[in-house]
Amino acid sequence: MQDTYQFTEKMMLAEQARSMPFGAVWDEYCRRAGCPLDGELYPAVAAYEAKVLPERM
């Protein structure tokens with residue numbers, strides 16, 4: 001990811017790895033709140049960036 005300039009995804013995976021001891025609890029909280037889970041978050045961010053960023057230029 002470093003070599004292909006995917007810094008956002010790299011940062012999100014690093015944060016996901018740091019939260020591993022309590023990750024299952026967080027996933028259940030997100031599930032109940034209707035939010036994307038850690039592994040599902042980056043595709044939502046990428047879709048948002050693909051939609052919004054071109055409009056800003």
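None of the values given here were measured: they were computed from a predicted structure.
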Any chance you could measure Glu28, atom CD, to Arg31, atom CZ, to the nearest 0.5 Å?
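Between atom CD of Glu28 and atom CZ of Arg31 there are 5.0 Å.
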
Glu49: what forms a side chain to side chain donor-acceptor pair (under 3.5 Å) with it, not counting sequence neighbours?
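None.
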
Who passes side chain to side chain donor-acceptor pair (under 3.5 Å) against Arg56, sequence neighbours left out?
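Side chain to side chain donor-acceptor pair (under 3.5 Å) check on Arg56 returns nothing, list empty.
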
How close do Leu37 and Asp27 get, counting heavy atoms only, and between which atoms?
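Where Leu37 meets Asp27 most closely, the heavy atoms are CD2-O, 3.2 Å.
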
Assess whether atom OH of Tyr48 is packed by more than 12 heavy atoms of other residues, nucleotides or ligands within 6.0 Å.
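Counting neighbours around OH of Tyr48, 12 or fewer heavy atoms of other residues, nucleotides or ligands fall under 6.0 Å, so no.
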
